[in-house]
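Structure first, then comments.
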Amino acid sequence: MKYLLVGALSVLLSVSAFAYDTKSIRTSTEAVFLGDTEESMLSKLGKAKPRYFVYNDGGFVCAATEYKYELDMSLYTVVICNKKVFKIDVSSK
């Protein structure tokens, strides 16, 4: 019984550490949505250090740029493809 309780508690704690997709980032005054332009996102969230890579998801390939932002105790990772916000991941800090 003790091992079952410890196992259930460890699963609950590890699930909260995983990143998940979201459709928007909201600050106190602005919001960034999937499909927004890179320029619009940068003007709303500010310039972050970019990371350039090739995004390859099976049949879809593009030259991508990744930006990371820390907002409200969460880490947001924004992926830009074809100069548009393509993917937003969020994870707890």
Gap between atom [atom2] of [Y] and atom [atom1] of [X] - 0.5 Å precision:
X     : Y     : atom1 : atom2 : answer
Asp89 : Tyr20 : CG    : OH    : 10.0 Å
Cys81 : Glu38 : SG    : CD    : 10.5 Å
Ile80 : Leu42 : CD1   : CG    : 7.0 Å
Ile25 : Leu45 : CD1   : CG    : 5.0 Å

- Message: Please enumerate all residues that pass ring pair (Phe, Tyr, Trp, His ring centres under 6.0 Å) together with Phe60, with sequence neighbours excluded.
- Response: Phe86

Between [X] and [Y], which heavy-atom pair has the shortest distance, and what is it?
X     : Y     : result
Tyr67 : Pro50 : CE2-CB, 3.6 Å
Tyr55 : Ala64 : CB-CB, 3.9 Å
Asp36 : Lys44 : OD2-NZ, 3.9 Å

- Tyr69 side chain to Gly46 backbone, donor-acceptor under 3.5 Å: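 Indeed, once roles are kept as given, a pair shorter than 3.5 Å links the two residues.
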
[X] vs [Y] side-chain heavy atoms within contact, under 4.5 Å:
X     : Y     : value
Lys87 : Asp21 : yes
Phe53 : Val79 : yes
Phe33 : Val85 : no

- Go through the steps to decide whether Thr37 and Lys84 satisfy the test side chain to side chain contact (heavy atoms under 4.5 Å, CB included), and finish with yes or no. CA-CA 4 Å; Thr37 64; Lys84 299 228 183 236; 4.2 Å; yes

- Query: Does any pair with a residue in residues 66-79 pass salt bridge (charged side-chain N to carboxylate O under 4.0 Å, His left out), and if so which ones, sequence neighbours excluded?
  - Reply: Arg51-Glu66, Glu70-Lys93

- Same hydrophobic cluster for Leu34 and Leu71, using side-chain heavy-atom links shorter than 4.5 Å among ILVMFWY?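 Looking at the clustering, Leu71 is in the same group as Leu34.
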
